Amino acid sequence: MKYILAIESSCDDTSCAIIDSNFCVLSNVIASQEVHKSYGGVVPELASRAHQQNIIPVVDKALKDAKISKKELSAVAFTRGPGLMGSLLVGVSFAKSFARALNIPLIDVNHLEAHVLAHFIKDTPEQKVPQFPFLCLLVSGGNTQIILLESPRKMKVIGQTIDDAAGETIDKAAKILSLPYPGGPHIDRLAKEGKPVLAFSQSNIKDYDYSFSGLKTSILYTLRDKLKENPNYIEENLKDIACSVQKAVVDSLLKKFEKAIKDLKIKTIAVAGGVSANSELRARLQQLGDKYGCEVFIPKFSYTTDNAAMVAVAGLFKYMDNDFADLSLTAYAR
Ligand code: KG4
């Protein structure tokens with residue numbers, strides 16, 4: 001095995017990465033789509049059209065950046081799902097044709113598993129990676145899960161949201177505050193200069209599961225009541241509101257995660273997904289690790305959002321098990 005080329009196209013980022021047999025990244029090219037900004041969310045049809053336009057230039061650049069020829073590739077990995085069907089189909093069709101043309105194996109990857117395995121992406125051969133078993137908090141725009149990993153291919157979801165995801169909750173709050181989409185980075189930036197003066201009610205459901213719908217409603221109703229008293233409440237208190245929202249989401253996330261660390265006596269913890277870029281979540285996860293004597297793995301910013309390097313790593317683990325896909329498979333949205 002020499003190199004794996006991977007494709008990611010599940011939502012609104014077209015990405016191609018190349019890694020070697022030591023999990024080291026040779027290139028990781030990401031083309032983001034600006035077209036959705038004015039709509040306040042991803043428009044599926046526009047996303048698939050942009051993937052169509054981006055995919056060949058992105059793959060071409062990834063090969064050039066890695067300074068290798070396509071003849072040196074050993075396999076093609078791709079995100080099969082979950083994601084937007086039209087977006088996934090662009091990547092799946094490209095990966096199938098590319099692997100067929102080069103006569104090399106094809107490897108299908110689950111997008112969520114790839115996010116968790118992002119901790120095994122190496123920028124240098126010496127880079128430390130998590131030891132098993134480890135517990136990963138996967139937090140993105142569409143998912144909130146606590147995953148127990150016994151090995152790279154043995155993952156168990158021990159808790160998850162029964163309604164909204166953490167990122168979705170932050171994005172909805174940001175929308176009420178008239179912040180641009182996606183709201184997460186704006187809430188994070190404003191929260192740095194605010195104080196958590198507002199207390200929102202939070203659901204507490206069983207075991208390691210989450211529910212964010214109550215918190216979302218509480219944010220909406222609290223701000224509605226404040227606006228009745230003072231129509232300029234939001235403009236005058238933007239930083240404090242952002243800080244209160246962020247704290248409420250991080251409190252909810254870590255309460256269940258801490259319970260899981262204690263119950264399972266875990267010594268390695270990690271966070272993954274788009275929301276893991278959040279500075280408060282990163283800082284408080286490290287504090288939690290210090291409290292329980294755990295080794296903490298927090299991904300580089302560029303590996304928190306959608307990228308093909310994580311797909312390549314997940315693909316390499318499957319390659320090592322000779323677990324290949326055939327040309328008849330299709331994408332799955334859920
Ligand atoms: O994993 P991801 O890139 O893709 C989706 O699941 O769509 O996650 C995107 C989510 C969005 O909700 C975005 O607002 C959130 O990650 N996000 C953040 C930050 N950066 C991105 N949330 C809080 N703080 C951040 N710094």
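Note that the structure is predicted; figures quoted are calculated from it, not measured. Quick note: numbers below take in every heavy atom, side chains included, and nothing from hydrogens, waters or symmetry partners. In listed order, ligands and their atoms are each counted from 1.
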Side-chain donor or acceptor of [X] paired with backbone N/O of [Y] under 3.5 Å:
X	Y	result
Q52	R49	no
T144	A166	yes
H51	C11	yes
H119	V271	yes
D240	V197	no

Distance to 0.1 Å, residue and atom name: give those for the protein heavy atom nearest to [atom].
atom	result
atom 14 (O) of ligand 1	D171 OD1, 2.7 Å
atom 1 (O) of ligand 1	G274 N, 2.9 Å
atom 26 (N) of ligand 1	D188 OD2, 2.9 Å
atom 18 (C) of ligand 1	G184 CA, 3.6 Å
atom 10 (C) of ligand 1	G141 N, 3.5 Å

Going by the order shown, which atoms of ligand 1 are within less than 4.0 Å of some heavy atom of [X]?
X	answer
G167	12 (O)
H115	1 (O)
G142	6 (O)
A277	20 (N), 26 (N)

Does the ring of F301 carry R282 above it, NZ/CZ under 6.0 angstrom from centre and within 45° of its axis?
-> yes
What is the ring orientation for F120 with F132, classed by angle as parallel under 30°, tilted 30 to 60°, or perpendicular over 60°?
-> parallel
Looking only at heavy atoms, what is the nearest atom pair of A242 and L190, with distance?
-> CB-CB, 3.7 Å
Quick one: which of V275, N278, V245, V42 has a heavy atom closest to atom 24 (N) of ligand 1?
-> N278
Are any of the N or O atoms of T305 closer than 3.5 Å to those of ligand 1?
-> no
